[in-house]
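All remarks here apply to the structure that follows.
We name chains A, B, ... by the order of the sequence lines, and we start the count at 1 in each one.
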2 protein chains.
Amino acid sequence: MNASSKPERTRLSAEDWEDAALVLIAEQGVGALAVEALARRLGVTKGSFYWHFRTREALLQAALERWEQYGEREVISQIESIPDPRVRLPELFRRVAHELQPHRVYAALLKALDHPQVVPVMARVSQRRTEFLTVAFREAGLPPAEAVNRARLTYAAYVGFLQLNFTLGLPRISHEDFDAYVEHMIATLIPA
Amino acid sequence: MNASSKPERTRLSAEDWEDAALVLIAEQGVGALAVEALARRLGVTKGSFYWHFRTREALLQAALERWEQYGEREVISQIESIPDPRVRLPELFRRVAHELQPHRVYAALLKALDHPQVVPVMARVSQRRTEFLTVAFREAGLPPAEAVNRARLTYAAYVGFLQLNFTLGLPRISHEDFDAYVEHMIATLIPA
DNA sequence: CGCAATCCATACTCAAGCGTATGGTATCCT
DNA sequence: AGGATACCATACGCTTGAGTATGGATTGCG
């Protein structure tokens with residue numbers, strides 16, 4: 001029980017460092033990922049860090065891969081439980097729209113794309129998700145050629161939305177307005 | 001001996017530094033904006049820089065504001081020359097899609113949103129452009145409530161596209177596929 | 001011409017952050 | 001128990017890049 005809660009572990013594992021790194025990234029961006037700062041956060045010093053990782057970049061790499069694998073089974077497995085392909089897409093939109101936490105890391109990585117290490121990870125993840133959307137749109141009745149483009153458009157809209165409303169705090173949209181936006185998006189992007 | 005490719009001013013102005021900064025940003029991102037590096041690029045040293053600017057952040061600030069003002073009259077004035085509101089939007093899409101250079105800086109800033117200084121600038125620019133789109137969609141026949149959301153969706157799609165295809169080099173889309181994507185986007189987002 | 005004002009170079013200081021060296025303490029295993 | 005292994009602290013070196021001090025060069029202008 002106290003294995004993964006707050007309670008001060010006496011010793012740390014590499015995974016602990018990776019998780020802490022992801023939290024820090026979500027909060028303050030990739031640029032804030034410094035080993036001494038992280039160590040302070042975990043109540044230890046550099047000495048510990050350099051036992052687990054050879055370099056700072058190694059940590060970032062490991063953390064990113066950890067996030068990538070974690071996010072793999074997240075949305076996709078959840079959405080495949082919806083049998084009817086017609087309902088699947090709008091339902092996916094609504095669910096994604098109403099979660100919050102999972103998007104934080106993604107948004108943080110999105111606004112840190114000038115760090116070369118995150119580019120390939122984001123490329124892979126985005127690629128997979130777009131392909132997933134492509135299939136979904138085909139199953140929803142779109143001809144293949146259109147399904148690809150609609151998937152691109154949809155995922156681009158998702159990415160852009162995160163940037164505009166998460167990172168930039170464009171005029172804080174209200175809760176009702178947000179719901180209206182989501183429904184508008186569904187109506188516009190999903191074939192009747 | 002000193003006859004380089006560029007006009008080679010003998011002395012530099014603050015504006016020269018700002019322009020050079022924007023070029024550097026477009027090429028290598030905000031993170032690469034260092035005063036000694038930039039000085040080398042201009043064939044001078046730090047001594048020059050710190051005469052024109054009090055600090056590195058002052059340069060970034062000035063460069064961003066310069067970019068913001070420059071981009072102001074760029075797209076908007078050009079598009080207002082198209083009288084028919086129905087043709088205006090698809091035409092805007094096509095033009096924007098076929099330019100390249102103006103998007104480089106925007107994309108570079110987009111992937112550097114973890115630098116606090118660029119956030120307010122991008123917020124202002126994005127806000128203004130979205131409002132512009134809102135008006136355009138209203139003039140194209142959408143009811144006001146929908147026009148706002150369609151504008152948000154459209155601009156988000158633009159931002160996301162830049163991120164996915166510019167920054168991440170998602171499977172380098174071909175020229176014909178790109179045109180098809182643009183037309184698909186027009187067909188999907190612009191009311192008939 | 002000659003003196004200001006403007007622009008630039010050189011040579012520093014200083015702080016941040018990564019990485020290393022080395023020794024200490026806890027934990028496991030037999 | 002007691003050594004081996006895993007984890008951590010302290011202290012240092014090194015590099016990068018920002019900012020300062022100061023004097024030299026160039027230009028505008030009276």
Expected string for nucleotides 13-22 of chain C under the B/S/- scheme (protein heavy atoms, under 4.0 Å, primed atoms plus P, OP1, OP2 as sugar-phosphate) is ----SBBB--

Closest of dT6(C), dC8(D), dC7(D) to the Trp51(B) side chain is dT6(C)

Atom CG of Leu12(A) and atom C1' of dT5(D) are separated, to the nearest Å, by 17 Å

Rounded to whole Å, the CZ-P distance (Arg40(A) to dC8(D)) equals 17 Å

- prompt: Can you tell me if Glu57(A) and Gln61(A) form a side-chain donor-acceptor pair at under 3.5 Å?
  reply: no

One pair to check against salt bridge (Lys or Arg N to Asp or Glu O under 4.0 Å): Arg94(A) and Glu183(A). What are the steps and the verdict? CA-CA 8 Å; Arg94(A) 292 198 184 91; Glu183(A) 292 306 320; 2.8 Å; yes

Under 3.5 Å, which N/O atoms of the protein pair with N/O atoms of nucleotides 24-27 of chain C?
{"residue": "dT27(C)", "atom": "O4'", "partner": "Arg11(A)", "partner atom": "NH1", "Å": "3.3"}

Quick one: do Arg95(B) and Glu91(B) make a salt bridge, cutoff under 4.0 Å?
yes

>> If only side-chain N and O atoms count, and only distance matters, is there a donor-acceptor pair under 3.5 Å linking Ser126(A) with Tyr106(A)?
In response: yes

**Message:** Whether Glu146(B) and Arg138(B) form a salt bridge (side-chain N of Lys/Arg under 4.0 Å from carboxylate O of Asp/Glu) is what I want to check.
**Reply:** no

Quick note, side chain to side chain donor-acceptor pair (under 3.5 Å) partners involving residues 18-32 of chain A, not counting sequence neighbours, are Asp19(A)-Arg66(A), Glu27(A)-Arg41(A)

**Message:** Checking Gln69(A) against Glu65(A): is there a side-chain donor and acceptor pair closer than 3.5 Å?
**Reply:** no

Is the distance from OP1 or OP2 of dA6(D) to the nearest side-chain N or O of His52(A) less than 4.0 Å? no

I'd like to know if Glu99(B) pairs up with Arg104(B) as an ion pair, taking the criterion as any Lys NZ or Arg NE/NH1/NH2 lying under 4.0 Å from an Asp or Glu carboxylate oxygen. no

note: Leu38(A), atom CG; dC8(D), atom P; distance rounded to Å ~ 13 Å

